[in-house]
Amino acid sequence: MNNMNPKSLIVIFGATGDLAKRKLFPSIYRLYEKGNLSEEFAVVGVARRPLSNDEFRNYVRESIENALRQELNNEQFVSHFYYHPFDVTDTASYRQLKSLLEELDDTYHSNGNRIFYLAMAPEFFGTVTSRLKSEGLTATNGWKRLVIEKPFGHDFESARKLNEEIRQVFSENEIYRIDHYLGKEMVQNIEVIRFSNAIFEPLWNNRFISNIQITSSETLGVEDRGRYYDHSGALRDMVQNHMLQMVALLAMEPPIKLTTDEIRSEKVKVLRALRPISHEEVDQYFVRGQYGRGVVNGKEVVGYREENNVDPNSNTETFVAGKLMIDNFRWAGVPFYIRTGKRMTEKSTKIVVQFKDVPMNLYYRTNEKIEPNLLIIHIQPDEGITLHLNGKKSGESMKTAPIELDYCNNCIDGINTPEAYEKLLYDCMHGDATNFTHWDEVAASWQFVDPISEVWENTKAVDFPNYEAGSMGPKASDALLKKDGFHWWPIHYHQ
Ligand SMILES: NC(=O)C1=CN([C@@H]2O[C@H](COP(=O)(O)OP(=O)(O)OC[C@H]3O[C@@H](n4cnc5c(N)ncnc54)[C@H](OP(=O)(O)O)[C@@H]3O)[C@@H](O)[C@H]2O)C=CC1
Ligand SMILES: O=C1O[C@H](COP(=O)(O)O)[C@@H](O)[C@H](O)[C@H]1O
């Protein structure tokens with residue numbers, strides 16, 4: 001085991017929930033298996049249902065086995081898990097939790113280091129943080145960190161209030177706001193591809209790039225999250241955070257150093273440079289959709305309005321396409337198109353950078369149009385990059401032929417890309433907040449998104465449902481690009 005791994009207690013609020021079961025326990029286990037966790041760690045689960053430590057340990061074991069589809073090799077691992085049942089609105093129980101943490105500090109020599117992970121509904125975020133302070137759980141000799149799940153607010157105003165509440169207890173550099181897309185291998189690779197290749201950086205601007213497209217499509221519907229999703233919708237659920245974070249990474253200036261502050265500050269500048277969309281302009285720049293019935297992966301599925309805990313007349317969007325303009329020197333005039341939705345044709349996240357056309361088809365002197373050069377960054381499920389170029393068609397002197405240069409990250413033997421949560425937990429334990437969002441990024445993202453959601457909330461979408469489950473979204477999403485002379489590049493594009 002690596003002794004450089006910091007010792008700490010991890011307190012998970014919402015330890016019997018979906019996120020803990022599917023993502024957090026398996027990630028902690030993988031860190032442990034790889035030696036990326038100190039031997040002297042302990043996890044304390046908090047939730048209301050009454051479980052003993054043994055029952056909780058069995059629950060953790062089963063969660064990991066289900067998620068990783070493998071048997072837990074190390075029985076010793078679950079002995080580090082403890083359970084403390086209480087309702088987080090009940091002040092008195094925090095004192096008992098405090099005593100438990102002090103005991104565990106002694107047992108595991110964790111030097112008072114504590115991570116408080118809020119994996120529960122956002123309405124509890126403020127209550128839990130203020131109780132942590134009032135009941136003395138944050139008064140420790142070691143470091144303290146707060147990991148906070150999305151959604152961080154419902155709009156700018158609620159996010160600002162929440163931020164003020166948690167800032168009463170934790171300083172900005174102790175707050176780790178999760179955007180799990182920032183933990184994805186290929187999202188982290190965007191910076192590396194841009195800034196470590198001499199062939200890209202000189203071209204990465206409005207002189208050479210005609211448009212950038214980001215698609216994040218899902219086949220899943222809302223599953224059992226209807227109650228949350230029907231009050232959120234795709235704009236708040238995916239665009240405000242994940243999609244805008246990818247835009248920021250693609251558009252930011254090279255940071256002067258690879259430090260947390262410098263990288264975040266470059267991202268904030270991009271988010272601040274997004275051209276604001278007024279209420280009157282929303283229809284010009286954004287398209288919303290809601291899925292009806294259809295067939296996904298060969299199976300018939302119900303429409304959104306028929307899903308559990310969804311209003312049968314719901315006006316909530318399950319699909320968003322948008323055109324974003326970044327008003328700075330580098331990007332003036334280059335549209336960034338984004339689209340994301342549930343119940344689409346397939347699960348895929350891809351970025352397509354389309355370069356401008358050559359001035360004319362000089363070498364072959366034909367009327368044939370040469371395909372533009374594309375750089376495709378495959379985020380998931382395949383991970384890699386493809387560069388689309390043109391070459392001479394063998395034997396036919398007047399024709400060009402497409403060439404694809406492919407690099408597949410997760411095809412390399414022995415590479416098992418870590419799950420995003422695994423990387424983010426590791427970073428948090430090491431005090432590295434680079435891949436978490438700073439308040440300034442969250443604020444700027446809400447300020448951009450708010451006028452769009454205000455219009456959508458106040459105008460009934462008369463055409464909903466407007467796309468069939470299993471399709472690539474409503475026709476209006478194609479029209480958004482067509483009016484600029486572009487089209488969405490297919491998910492599996494081969495010339
Ligand atoms: N699930 C996912 O894939 C994702 C979730 N998130 C975010 O993570 C957070 C958790 O989501 P998820 O796990 O799905 O939610 P769940 O509803 O599955 O879990 C909620 C958890 O909170 C506990 N809980 C609820 N009320 C109280 C209370 N008053 N006191 C103590 N514990 C309570 C529940 O346990 P009990 O009933 O025993 O009290 C349960 O452990 C949310 O902010 C969500 O937006 C973000 C991205 C993805
Ligand atoms: O944050 C969220 O992300 C997921 C999609 O994440 P991915 O890693 O599977 O691409 C989305 O399903 C969910 O609605 C949203 O809350």
Side-chain angles (χ1 to χ4, degrees), residues 11-27 44-51 55-56 59-60 63 67 83-91 93-94 97 117-128 131 147-154 162 177-187 214-246 304 307 309 316-320 340-344 346-350 378-381 383 417 419-424 437:
V11 187
I12 301 180
F13 289 89
T16 57
D18 179 69
L19 185 76
K21 178 173 71 183
R22 286 190 310 109
K23 301 289 184 189
L24 304 186
F25 302 147
S27 297
V44 179
V46 173
R48 286 166 307 184
R49 71 200 67 172
L51 298 177
E55 285 167 325
F56 182 58
Y59 176 82
V60 171
S63 307
Y83 187 70
H84 186 64
F86 75 96
D87 188 318
V88 293
T89 56
D90 167 20
T91 309
S93 304
Y94 285 85
L97 177 61
Y117 196 123
L118 305 191
M120 56 191 313
E123 72 233 43
F124 296 114
F125 293 169
T127 313
V128 175
R131 297 280 194 283
V147 184
I148 192 155
E149 266 298 337
K150 60 171 286 213
F152 198 91
H154 186 71
L162 170 61
R177 296 180 195 81
I178 291 257
D179 182 315
H180 78 279
Y181 267 56
L182 296 182
K184 290 186 192 280
E185 184 70 15
M186 288 306 295
V187 171
I214 310 174
T215 298
S216 192
S217 58
E218 296 189 72
T219 48
L220 290 180
V222 284
E223 310 298 294
D224 50 4
R225 295 170 73 215
R227 214 180 300 277
Y228 149 75
Y229 195 87
D230 209 30
H231 289 103
S232 160
L235 187 69
R236 291 187 174 99
D237 189 49
M238 291 292 291
V239 175
Q240 182 271 336
N241 36 67
H242 312 319
M243 302 302 280
L244 290 185
Q245 281 294 321
M246 287 191 279
Y304 176 69
E307 301 274 18
N309 299 317
T316 300
E317 79 286 350
T318 60
F319 173 96
V320 175
T340 180
K342 296 218 177 267
R343 287 284 191 231
M344 292 175 66
E346 68 180 277
K347 171 81 181 164
S348 170
T349 304
K350 281 196 200 316
H378 308 269
I379 306 285
Q380 62 182 12
E383 298 177 356
T417 314
E419 157 73 44
Y421 276 93
E422 182 184 332
K423 289 198 201 196
L424 295 175
T437 46

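Only a predicted model underlies this, so the values are computations on that prediction, with no experimental measurement involved. Whatever order the structure lists them in is the order used to number ligands and atoms, beginning at 1.
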Item to check | Residues D90, R131: salt bridge by 4.0 Å N-O rule | outcome: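 Result for this pair is no, no salt bridge flagged.
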Next on the checklist: Taking the basic N atoms (NZ, or NE/NH1/NH2) and the acidic carboxylate oxygens, is any pair closer than 4.0 Å for E185 and K423?
Outcome noted: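 Result for this pair is yes, salt bridge flagged.
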Checklist entry - Taking both backbone and side-chain atoms of L118, is any N or O found less than 3.5 Å from an N or O belonging to ligand 1? => result no
Checklist entry - In order of chain and number, which residues sit within 4.0 Å of ligand 2 by heavy atom? => result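 Residues near ligand 2: K150, H180, Y181, K184, E218, R225, D237, M238, H242, K342, K347, Q380.
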Checklist entry - Quick one: does atom 17 (O) of ligand 1 have a protein heavy atom under 4.0 Å from it? => result no
Shortest protein heavy-atom distance from [atom], along with the residue and atom involved:
atom	result
atom 41 (O) of ligand 1	T16 OG1, 2.7 Å
atom 6 (N) of ligand 1	E149 OE1, 3.8 Å
atom 23 (C) of ligand 1	G14 CA, 4.0 Å
atom 1 (N) of ligand 1	D18 OD2, 2.7 Å
atom 30 (N) of ligand 1	V88 N, 3.0 Å
atom 48 (C) of ligand 1	L19 CD1, 4.0 Å

Taking only heavy atoms of [X], which atoms of ligand 1 are found under 4.0 Å from at least one of them?
X	value
D87	28 (C), 29 (N), 30 (N)
F124	26 (N), 29 (N)
P122	43 (O)
A119	9 (C), 10 (C)
G17	13 (O), 18 (O), 19 (O), 40 (C), 41 (O)
R49	35 (O), 36 (P), 37 (O), 38 (O)
F86	30 (N), 31 (C)
P151	45 (O)

Is any side-chain heavy atom of [Y] closer than 4.5 Å to one of [X]?
X	Y	value
M344	F319	yes
V320	M238	no
H378	E383	no
V222	Y228	no

Checklist entry - So F25 and F56, would you call those rings parallel, tilted or perpendicular, with 30° and 60° as cut-offs? => result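 It falls in the perpendicular class, over 60°.
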Do the side chain of [X] and the main chain of [Y] share a donor and acceptor less than 3.5 angstrom apart?
X	Y	answer
K150	D179	no
R48	F86	no
E149	A119	no
S217	E346	yes
Y83	P50	no
E317	L235	yes
T316	G233	no

Checklist entry - With a 4.0 Å cut-off on heavy atoms, is R22 touching ligand 1? => result yes
Checklist entry - Taking atom 42 (C) of ligand 1 as the point of reference, which of E223, R225, M120 owns the nearest heavy atom? => result M120
Item to check | Option with minimal heavy-atom separation from atom 26 (N) of ligand 1, where the choices are K23, R227, K150, R48 | outcome: R48
Item to check | Under 3.5 Å side-chain donor-acceptor pair for N309 and Y229 | outcome: no
